[in-house]
Amino acid sequence: MPDRREQKWEERAKSEFGAAELPGRSTPEGIILRPLYTARDLEIRAYQESYPGFAPFVRGPRASMYTKSPWTIRQYAGFSSAEASNAFYHQCINAGQKGLSVAFDLPTHRGYDSDHPRAAGDVGKAGVAIDSVEDMKCLFQGIALDTMTVSMTMNGAVLPVLASYLVAAEEGGFPLASLAGTIQNDILKEYMVRNTYIYPPEPSMRIVADIITYAARHLPRFNSISISGYHLQEAGADSALELAYTLADGLEYVRAACLRGLSVDEFAPRLSFFFAIGMNFFTEIAKLRAARGLWYKLLRAEFNPRQEKSLILRTHCQTSGYSLTQQDPYNNIIRTTIEAMAATLGGTQSLHTNSFDEAIALPSDFAARLARNTQLILQKETDLTYTVDPFGGSYFMESLTHDLSARAEEHLREISAYGGMTKAILNGLPKLRVEEAAARRQARIEKGEDSIIGVNLHPPGPGDQGGALMVRTIDNEEVLSRQIAGLTRLRAQRNGAQVTDALNKLRNAACDPRANLLPYTIEAMRARATLGEVSSCLESVFGRYRAPLAIISSVYAKAMGNTPAYTNICEQTAAFNERHGRRPRILVAKLGQDGHDRGAKVVATGLADMGFVVDLAPLFQTPEEVAKHAVENDVHVLGISSLAAGHNTLLPQLLRALAAEKAEHIVVTVGGIIPPGDVAFLKKVGVAAIFDPGMSITACAREILRLLGERS
C-alpha cells in the first residue's frame, strides 16, 4: 500500500494535471512509464542490492568500471581503397582513438571480387574494398596489430576476410597469439534484417562454429564473434525485441560451438555483444543493464559454466544511424551526444559515435573528428567516469530494467517455442516481428506521437541551415579501376596451380561436415586466392541463399487510424482506380548489393495499406533485372531505395535499361540517403522524384499520385 506521503503527492499531481488519473506514456515496447517511482516499486519487484563485477552483473562486468579506465573509443571506418582507409586510420590513432573498427564495402560482404559484374556500382562506396591478402596488408600498413585492437564487421564472407587478416598479420611479423580484436561473425541477424548473407542458414552456422572453435585454440586474445543487436534496432526493432533476439542469437551460437565438442568455458569468455543506442535515453541505459542480467540467467540455466567470467556479457555500442536526420543535420551532434551518454551510463565497454553527416553521405573528416571528440569530452571533461553505475538503486531505473527484462523474456519464450533462433528464422518469425515494429514506429512519427526536431516538429526555415556541409564523395570509377588493376596483377604473379590445389582442398573440406573450414581458407588466402574465388568455391557446395519475399499488411494502417493525411491518400488511390480501371501499381526495389531494406519494406507496407498494388523486387538485383521485372509487372512507378551511395552509378544504368525495354513511361523515383549535390544529376538523367529520409509515406504517396496524374 502507498504511504501517506505518496498519497498526498498523488493528490497534488492529479490536481496539477487536472485529471482523475495520472497520465502514463507507453514506450514502443509497451511499457507504461509513470510520473513517479518510489521505494515501493523496488519492493514489488523483489529488488535485491547487487554490486558491479559480481553476479548477475547488472551493474557492470567489472568492479572498477570507468573509475580505473574508461570505455574504448572506436570509429567504424572504411571507404574507397585500402590505401585511403589506412590513411584515415592513422589520423584516428593520432587523434586519440584506441581501437579500429573496419567497414567493408558491399561486394566484399557478399563474397564478390571487385571485378564481378554484380559489384561494379558498390565498389568502395559504403566501406573499403578487400579482394585479397594484399589489400588487407595495405589496409593495416604501419599499424601495430599486436597493440591495436581491430574490430571487423563481417559475416557473409567471414572466412576469407578473417583468413586474409590472419595471413596479413603473420606476414607482418605479428604472431596469432598477439592479435586482439573482434570479428562480428554473427550470421543469424543477417537473415532477419541486414541481408549481407551468402549461404543458407545451416552451412552458415557451421562457419560460425568453425571460427569459434579455431579462435578458442589459436587466438587467445581475439573475440571470435560479436553478437549484434545494432542492426535489429536500425531495422525497426524496439529495445525489447533487440535485446531478446540478440540474446537468442547468442544462445544459438553457444549451442553450435558446444556441439563441436568445446566446453562453454573454452570460448564463452571471448564472446562479445553489440547494441544500438537510440534516443530513448533511459530505456537504452536499462537495456544494457538488463542484457547483462538476462545473459547471466540464460547461460547459467542452460550451460552452467564453471568459470564466472563465462557468464559476463561484454558489449560494444554504437549510436543510432536511424536517428540521424538529413533535415537540420547539425541537430545530429546533439542526438549523438545524448546517445553516447546513455551508452556510458549503461556500462558499455567500447563505443562508436556516429558523425552528424551520415544521413547524407559517408562521414567527412570534420564530422568524424567531432564524433571522436564527443567521446573524449565525455571522458575528460565530465564526471561520468568518477563512479560506477550512477543509476544503480534508482527507483525508476531498477523498475525499468526489470520491466524491459520481462518484455524481452516474452519474446525469448516465443523463439524457444520454435526450437531456437535458426528454426524461427526459417519460419520467418523474427523478420516479421521487426517489420511490424518498424511500421508502427513510422506511423508514430507521421502522427506526431514521436517528435523529431527538424522533421515533424520545428522544421528549419530558410536561414536556419547553417553553412554548406562538407560531404565526402567517393569516385567509384577510380576505386573500381584500381581494384581491377590489383586483381589483374595478383592473378598474373601468383602460382595458379597452388591456388587451384588450395581451393580444391577447401571444396572437399566443405563436403565433410567434420572439417573446420578456417584452416583451409587460410591456406587458400596465403596462396593468394581471392575473396571471390573462396566464396564461389564454398557456394558450389552450399549454394547461395535467396530470401523469400513478403509484405506485411494492416500494421501501418491500424497504427495510422483515421488521420486526415492517411484517409485522404486512400481516397485518392480509390479515385485513381475508378479513372483508370486499376489501382496505381509500384515496384519497390533496391539496386546492387545493398541489403538494408527497412526503408523499402516500410514504404511498401504503407503504400499497400493505402491502396497501391505493391510488388517487391528481390534483393541484390542488377539495374537490368529490375527494369525487366518492372516491365513484366506492368507497373506505373518504379520506387528505388538507396542507402549505400551507389545511386549515381546504378540509377543511370536503370534508366538506360528501361529505355532498352521501351518503358520510358514508367515513373522512376528514389528515396534514401541522397546528398543534395547529387539531386540535379539524378533529375537530369530522368529520376522524377527524390524522397529524403524522414519524409512521410503519405507525402511520398501524394507526390507519386501527382506525377501519375501529370502523365495520364
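This chain uses plain numbering: 1 for the first residue, then up along the sequence. Here the structure is a predicted model, which means the values were calculated and not measured. These values consider heavy atoms only, across backbone and side chains, with no hydrogens, waters or symmetry-generated copies.
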The criterion is salt bridge (Lys or Arg N to Asp or Glu O under 4.0 Å); which residues satisfy it with Asp113, sequence neighbours excluded?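 For Asp113, the residues satisfying salt bridge (Lys or Arg N to Asp or Glu O under 4.0 Å) (neighbours in sequence not counted) are Arg491.
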
Qualifying residues under salt bridge (Lys or Arg N to Asp or Glu O under 4.0 Å), relative to Arg369, sequence neighbours excluded: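 Per chain and number, Arg369 pairs via salt bridge (Lys or Arg N to Asp or Glu O under 4.0 Å) with no residue.
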
Between [X] (side chain) and [Y] (backbone), is there a donor-acceptor pair under 3.5 Å?
X      : Y      : value
Thr336 : Ile333 : no
Asn86  : Ala82  : no
Asp357 : Ser364 : yes
Asn195 : Val193 : yes
Glu234 : Tyr322 : yes
Asp210 : Leu517 : yes

Could you state the interatomic distance from [atom1] ([X]) to [atom2] ([Y]), rounded to the nearest 0.5 Å?
X      : Y      : atom1 : atom2 : answer
Glu242 : Tyr230 : CD    : OH    : 10.0 Å
Asn223 : Ser151 : CG    : OG    : 8.5 Å
Asp115 : Ile484 : CG    : CD1   : 5.5 Å
Ile212 : Asn185 : CD1   : CG    : 6.0 Å
Ser323 : Gln233 : OG    : CD    : 8.5 Å
Leu587 : Leu616 : CG    : CG    : 8.0 Å

Would you please say whether a donor-acceptor pair under 3.5 Å links the side chains of [X] and [Y]?
X      : Y      : result
Thr196 : Glu190 : yes
Asp131 : Gln483 : yes
Thr246 : Asp249 : no
Gln593 : Asp122 : no
Thr325 : Arg335 : yes
Ser81  : Glu83  : yes
Ser178 : Asp146 : no
Tyr253 : Asp186 : yes
Ser320 : Glu339 : no

Non-hydrogen atoms of [X] and [Y] that approach each other most closely:
X      : Y      : result
Ala343 : Ile277 : CB-CG1, 3.8 Å
Ile666 : Ala630 : CD1-CB, 4.0 Å
Asp594 : Leu619 : O-CD2, 4.2 Å
Ala368 : Ser355 : CA-OG, 3.3 Å
Ser132 : Met525 : CA-CE, 4.3 Å
Val631 : Glu661 : CG2-CB, 3.8 Å

Ignoring hydrogens and angles, write down the donor-acceptor pairs under 3.5 Å from the side chains of residues 159-174, residues two or more places apart or on other chains.
| from | atom 1 | to | atom 2 | distance (Å) |
| --- | --- | --- | --- | --- |
| Ser164 | OG | Pro160 | O | 2.8 |
| Glu170 | OE1 | Arg526 | NH2 | 2.7 |
| Glu171 | OE1 | Lys137 | NZ | 3.1 |
| Glu171 | OE1 | Arg528 | NH2 | 2.8 |
| Glu171 | OE2 | Arg528 | NH1 | 3.1 |

Side-chain heavy-atom pair [X], [Y] within 4.5 angstrom cut-off:
X      : Y      : result
Val687 : Leu655 : yes
Ile207 : Ile187 : no
Trp71  : Ser350 : no
Gln653 : Leu658 : no
Glu358 : Gln326 : no
Phe620 : Leu591 : no
Leu179 : Arg221 : no
Thr315 : Cys317 : yes

Check the surroundings of atom CD in Gln141: do more than 12 heavy atoms from other residues, nucleotides or ligands lie under 6.0 Å from it?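 No.
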
Greater than 12 external heavy atoms within 6.0 Å of Phe356's CZ: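 Enclosed.
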
Using ring-ring contact (aromatic ring centres under 6.0 Å, His included) as the criterion, list what pairs up with His316, not counting sequence neighbours.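 Per chain and number, His316 pairs via ring-ring contact (aromatic ring centres under 6.0 Å, His included) with Phe274.
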
Between Leu638 and Ile586, does the side chain to side chain contact (heavy atoms under 4.5 Å, CB included) criterion hold? Intermediate values first, please. CA-CA 6 Å; Leu638 183 46; Ile586 183 171; over 6 Å; no

Do the ring planes of Tyr191 and Tyr197 sit parallel (below 30°), tilted (30 to 60°) or perpendicular (above 60°)?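 Tyr191 and Tyr197: parallel rings.
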
Using the six-membered ring wherever Trp is involved, compare the ring planes of His116 and Tyr112 and label them parallel, tilted or perpendicular (cut-offs 30° and 60°).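 Geometry flag for Tyr112 against His116: tilted rings.
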
Pair Arg494-Glu533, salt bridge (charged side-chain N to carboxylate O under 4.0 Å, His left out): steps then yes or no: CA-CA 14 Å; Arg494 69 190 184 181; Glu533 289 167 342; 2.8 Å; yes

Would you please indicate if the ring centroids of Tyr545 and Tyr199 are separated by under 6.0 Å?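 No.
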
Could you go through residues 667-675 and list every donor-acceptor pair under 3.5 Å that involves a side-chain atom there, pairing it with any protein atom two or more places apart or in another chain?
none

Indicate yes or no: does [X] engage [Y] in a salt bridge with an N to O separation below 4.0 Å.
X      : Y      : result
Glu478 : Arg482 : yes
Arg118 : Glu625 : yes
Arg489 : Glu134 : no

Test side chain to side chain contact (heavy atoms under 4.5 Å, CB included) on Lys125 and His647; report intermediate values, then the result. CA-CA 10 Å; Lys125 278 293 194 179; His647 49 271; over 6 Å; no

Could you note down all residue pairs passing salt bridge (Lys or Arg N to Asp or Glu O under 4.0 Å) where residues 671-693 supplies at least one of them, sequence neighbours left out?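 Non-adjacent pairs meeting salt bridge (Lys or Arg N to Asp or Glu O under 4.0 Å): zero.
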
Output, in order, the C-alpha distance, side-chain angles, deciding distance and verdict of side chain to side chain contact (heavy atoms under 4.5 Å, CB included) for Val679 and Leu682. CA-CA 5 Å; Val679 170; Leu682 294 176; 6.0 Å; no

Give the C-alpha distance, both sets of side-chain angles, the deciding distance and a yes or no for side chain to side chain contact (heavy atoms under 4.5 Å, CB included) between Leu176 and Tyr214. CA-CA 11 Å; Leu176 295 186; Tyr214 183 92; 3.6 Å; yes

